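Before any comments, here is the structure.
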There are 2 protein chains.
Amino acid sequence: MKPFEKLPIEKQARIVNASISEFAERDYETASMNKVVERAGIAKGSLFNYFKTKSSLYFHIYHLALGEVKAYLRKVRDETADLPFDVRLAKIVDSGVQFITEHPRLARIYFRLIYSDDSPNRKKIVDELQSMSDEYLGGIIQDAMDRNELDAQLDKSQSVFFLDAVLTRFLKDYHEALELGDQDRFDREQWVIGITKLFSKGLS
Amino acid sequence: MKPFEKLPIEKQARIVNASISEFAERDYETASMNKVVERAGIAKGSLFNYFKTKSSLYFHIYHLALGEVKAYLRKVRDETADLPFDVRLAKIVDSGVQFITEHPRLARIYFRLIYSDDSPNRKKIVDELQSMSDEYLGGIIQDAMDRNELDAQLDKSQSVFFLDAVLTRFLKDYHEALELGDQDRFDREQWVIGITKLFSKGLS
DNA sequence: ACGTAATTTGACCGGGTGGTCAAATTAAAC
DNA sequence: GTTTAATTTGACCACCCGGTCAAATTACGT
């Protein structure tokens, strides 16, 4: 049993919480183990006893974040399995907005990972996320094609790309606005309508 | 006259080149003035004589990059002013690909600036880039609406957002593939067709 | 050729980094 | 209660950072 897991839950939580804050506020290289220790109220030696290196602590936090994201995605996919494409799309956007609202720090870590390049093992992780997204959005597009809601001749991987590009960018901007307390400029409904319309009918 | 401008062009070029490489390879916080000095083959004191601070050197480089980007964008806009929407879109993509191919390091600095948050004055710069993009893509969409190539009832700012999201994401992925020597997996023509089709007809 | 001003240099500064480890503290075993 | 094992601690290490500045070098006016 790893030393960290033997700790009382309350202490584990304090450390995880401190780490999330630190990795959310600064990028990987700039995030400081000294500051984590300070935030968590433990000694430096202890932290390095629980996690041998900075990058192993980062992975612990990253996997927590990824687990949360996956849970959200799975939930919305399963709950909407029988609904039409546009409704599913809307629910996915809603789910993303909800995740960001409830876990802004995890969202920050997630976006940082995707968009920056200083996280350790970045390429491996991004590939992993990419194939996750391919499978997830690909499945939803396939469902829609099977139901003749989308053109059966579609280039599926390209469609996934477009969907991913628009959804991710929307959520990133929403998240950024949230951090500035400016999220009111996003009329959620208006955006959901716009996004579904773009993918169903284009701009013409 | 600023000291840096008095330098022989060759020396200026060496310093600029070293700085571009350093800021392309590492993000702002991690980029090292010591390494710039080393790459450029000058003494540390000299560099700080030319640029009082790290951030002022960064701005010098950033403005160079931005100037190049703007020149490319202006060129393609003016050259395609009379062409239909889909052709313009294709040319813009081409131009972006060309820029990335010819200036991969500047492209890296540009993407880093957009997607990371440790550059000094990041918010101001991103706002500036945002309104540049709004004006640029907004103009192109407006032209297309005036010619009845796009729906006159379109929410323009939303359409700009979608266009920007897809184009930027495509170019970012292309750039990343280029750095891995993997750009052959992008069939440029296939992507240009896919993108224009998405925006003209959607996925159905 | 000389004196002065401008430029260049790199040792040096305070501060922060990830990581270590002997010593102190706490928990467990008997 | 005593001994042993596990955990916690923070001073300490080597290294790197952005930035400074007195001294050395170069350039220039006369």
Side-chain angles (χ1 to χ4, degrees), chain A residues 1-62 109 112 116 118-122, chain B residues 1-62 109 112 116 118-122:
Chain A
M1 201 181 192
K2 308 238 156 188
F4 181 70
E5 294 162 9
K6 288 198 241 169
L7 260 38
I9 318 272
E10 180 273 331
K11 196 170 186 178
Q12 286 188 30
R14 242 166 53 223
I15 293 168
V16 164
N17 191 52
S19 305
I20 289 176
S21 290
E22 183 65 16
F23 283 121
E25 287 173 23
R26 319 175 76 95
D27 57 28
Y28 177 76
E29 288 287 353
T30 321
S32 159
M33 296 296 267
N34 292 328
K35 295 237 169 69
V36 170
V37 149
E38 201 178 298
R39 287 185 201 255
I42 61 174
K44 196 170 179 177
S46 298
L47 184 58
F48 278 91
N49 182 32
Y50 310 142
F51 300 95
K52 285 190 211 306
T53 63
K54 182 182 180 179
S55 71
S56 72
L57 171 60
Y58 177 78
F59 275 112
H60 185 82
I61 299 301
Y62 156 72
I109 290 173
R112 214 193 271 296
S116 136
D118 68 343
S119 309
N121 263 328
R122 197 244 175 196
Chain B
M1 202 180 193
K2 307 236 156 190
F4 181 70
E5 294 161 10
K6 287 198 240 170
L7 260 37
I9 317 273
E10 180 272 331
K11 196 170 188 179
Q12 286 188 31
R14 242 167 52 224
I15 294 168
V16 164
N17 191 53
S19 306
I20 289 176
S21 290
E22 183 66 14
F23 283 122
E25 287 172 22
R26 320 174 74 96
D27 56 28
Y28 177 76
E29 287 287 352
T30 321
S32 158
M33 296 297 268
N34 292 328
K35 295 235 168 70
V36 170
V37 149
E38 200 179 300
R39 286 183 201 256
I42 61 174
K44 196 172 180 176
S46 299
L47 184 57
F48 278 92
N49 182 31
Y50 310 142
F51 301 94
K52 286 191 211 304
T53 62
K54 182 183 182 179
S55 72
S56 73
L57 172 60
Y58 177 78
F59 276 113
H60 185 83
I61 300 302
Y62 157 72
I109 290 173
R112 215 192 269 296
S116 133
D118 68 344
S119 309
N121 263 329
R122 197 245 173 192

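These numbers were taken from a predicted model, which means no experiment stands behind them. Residue numbers start from 1 in every chain, and the chains themselves are labelled A, B, ... in the order their sequence lines are given, proteins ahead of strands.
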### Task
Give the rounded distance in Å between these two atoms: NZ of B/K11 and P of D/dT26.
12 Å

### Message
Checking A/R39 now: which residues fulfil side-chain hydrogen bond (donor to acceptor under 3.5 Å, both in side chains) with it, not counting sequence neighbours?
### Response
A/E22, A/E25

### Query
Mind checking what makes side-chain hydrogen bond (donor to acceptor under 3.5 Å, both in side chains) contact with A/R122, not counting sequence neighbours?
B/E176

### Query
B/F4 has an atom CZ; how far is it from atom P of C/dT7, in whole Å?
14 Å

### Message
Please classify the nucleic acid contact of B/Y50 as base, sugar-phosphate, or nothing, using heavy-atom distances under 4.0 Å.
### Response
sugar-phosphate

### Query
Listed in order of residue number, which residues of residues 12-24 of chain B have a non-hydrogen atom at under 4.0 Å from DNA chain D?
none

### Atom-to-atom span, CD of B/E38 to C1' of C/dT9 - whole angstrom
16 Å

### Query
Who pairs with B/N34 by side-chain hydrogen bond (donor to acceptor under 3.5 Å, both in side chains), at least two apart in sequence or on another chain?
B/K44

### Task
Flag the pair A/V16 / A/F4 as yes when at least one side-chain heavy-atom distance between them is below 4.5 Å, and no otherwise.
yes

### Query
How long is the span from the CG atom in A/L57 to the CD1 atom in A/I15, to the nearest 0.5 Å?
9.0 Å

### Query
Where the side chain of B/Y58 meets the backbone of B/T53, is there a donor-acceptor pair that is under 3.5 Å apart?
no

### Query
What's the CG-P distance between B/L47 and C/dT8, to the nearest Å?
12 Å

### Task
State whether A/F23 and A/K54 meet the cation-pi test: NZ (Lys) or CZ (Arg) under 6.0 Å from the six-membered ring centroid, and within 45° of the perpendicular axis.
no

### Task
Any pair with a residue in residues 8-19 of chain A that passes salt bridge (Lys or Arg N to Asp or Glu O under 4.0 Å), sequence neighbours left out, goes on the list, sorted by first then second residue, please.
A/E10-A/R14

### Task
Mark up nucleotides 10-25 of chain D, 5' to 3', with B wherever a protein heavy atom is under 4.0 angstrom from a base atom, S wherever such an atom reaches only the sugar-phosphate, and - elsewhere.
B------SBBBB----

